[in-house]
Amino acid sequence: MSNRALCRDASHAGSWYTASGPQLSAQLDGWLSQAQTSKRPARAIIAPHAGYTYCGSCAAHAYKQVDPSITRRVFILGPSHHVALSRCALSTVDIYRTPLYDLHIDQKVYGELWKTGMFERMSMQTDEDEHSIEMHLPYTAKAMESHKDEFTIVPVLVGALSESKEQEFGKLFSKYLADPSNLFVISSDFCHWGQRFRYTYYDESQGEIYRSIENLDRMGMSIIEQLDPVPFSNYLKKYHNTICGRHPIGVLLNAATELRRNGVNMSFSFLNYAQSSQCRSWQDSSVSYAAGALVVH
């Protein structure tokens, strides 16, 4: 490894969010100012990864719960959208660029994870094509701004894990989740509804399509709040809800279960829910977003 740090560019800046640092900073401040602090300090958050015009205000409700004064490491678990991956993958770079400031990968933790033999490396191409981790970098930078030189990030690309693999990775990450100086960011949108997503579940008893979607999402959200991976798996098998971060969520639920087994008391609450648009006909489509936080008592 040469002494020159390898950087991943902010490849979605200018399309999924503004590339202008001052403009982005002001936008994030605006969304955060609209959110309440109710679940601080969060040990983990679930937040969406769509373009900021769609989900920026929703995500703020999760990031508002982050306490920068105690957070020293931010683990970001995002689903893989472009490559088939049956395990989890680590980046090959040292620095993730954002329009606000550069974020440094924790090479010590990366070394510990790599030593387990449970991870592969993602190529630079995969790293820069993927948006599920990148969309959390500006928000992480903003939430941690007051302590910007005092923290590192641990980006993890999560593949299509089997239930037993979710359990294994949950167990591995549980020891990091036990540490109050770590924050876990779980990257997920909720229902992707419409013919373009090949998902058109509709429960007519709920009224309009968008109400059926909300009911389905909220059912999943209340199951996630139980912090038990088994009912969440059963829910996904029954309804096939298109929650793209279901595997990162599964890893979190397994990690939380492991800690609770060891007597750690914690609770998860969703704080905000939104849809990109309200579906009323079969021609429509929408993506749902939810923001929540895990607090250890």
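For clarity, every value in this text was computed on a predicted model and none was experimentally measured. Positions are given from 1 along the sequence.
M135 is listed as a side-chain neighbour of Y52, based on a closest heavy-atom distance under 4.5 Å. Proximity of R73 to Y176: side-chain heavy atoms (C-beta onward) are nowhere separated by under 4.5 Å.
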For V156 and L90, run side-chain contact (heavy atoms from CB on, under 4.5 Å): C-alpha distance rounded to whole Å, both residues' side-chain angles, the deciding distance at 0.1 Å, then the answer.
-> CA-CA 5 Å; V156 178; L90 304 176; 4.2 Å; yes
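Under the 3.5 Å distance criterion, with hydrogens and angles disregarded, a donor-acceptor pair is assigned to the side chains of Y273 and S288. Y235 and N241 are linked by a side-chain donor-acceptor pair at a separation below 3.5 angstrom, with hydrogens and angles left out of the test. Side-chain contact annotation: S20 with T18, donor-acceptor N/O pair under 3.5 Å absent. Checked by atom type, the side-chain pair D203/S205 shows a donor-acceptor distance below 3.5 Å. If you check the side chains of E166 and H247, you find a donor sitting under 3.5 Å from an acceptor.
No option in Q27, Q23, E134, H131 other than E134 meets the side chain to side chain donor-acceptor pair (under 3.5 Å) test with Y17. Tested against P231, the residues I224, I223, L236, L253 include a single side chain to side chain contact (heavy atoms under 4.5 Å, CB included) partner, I223. Partner of E130 under the side chain to side chain donor-acceptor pair (under 3.5 Å) criterion, out of Q125, H81, R8: H81 alone.
Salt bridge status for K171 with E168: absent, with no side-chain N to carboxylate O gap under 4.0 Å. A salt bridge is absent between K175 and E112; no separation between the charged side-chain nitrogens and carboxylate oxygens falls under 4.0 Å. Between E145 and K142, at least one side-chain N (NZ, or NE/NH1/NH2) sits under 4.0 Å from a carboxylate O, which counts as a salt bridge.
Nearest heavy-atom pair across D189 and C244 is N-SG, 3.4 Å. Across L100 and G21, no two heavy atoms sit closer than the pair CD2-O, 3.5 Å. For M124 against C7, the heavy-atom pair with the smallest separation is CE-O, 2.9 Å. Here the closest heavy-atom approach between residue A35 and residue K64 is recorded as O-CE, 3.0 Å.
In summary, the aromatic rings of H12 and H49 are positioned with their centroids too far apart to meet the 6.0 Å limit. Checked against the 6.0 Å centroid threshold, Y110 and F119 do not count as a close aromatic pair.
Remark: side-chain polar atoms of S132 are paired, donor with acceptor, to backbone N or O of P79 under 3.5 angstrom. For R196 (side chain) and W193 (main-chain N/O), no donor-acceptor pair under 3.5 Å exists by modelled atom type.
With sequence neighbours excluded, the residues forming a ring-ring contact (aromatic ring centres under 6.0 Å, His included) with F268 are F270, listed by chain and number.
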Expected list for residues 289-297: side-chain donor-acceptor pairs under 3.5 angstrom, two or more places apart:
residue, atom, partner, partner atom, Å
H297, NE2, S267, OG, 2.8

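Between Y139 and W31, the ring planes are tilted. Angles from 30° to 60° get that label.
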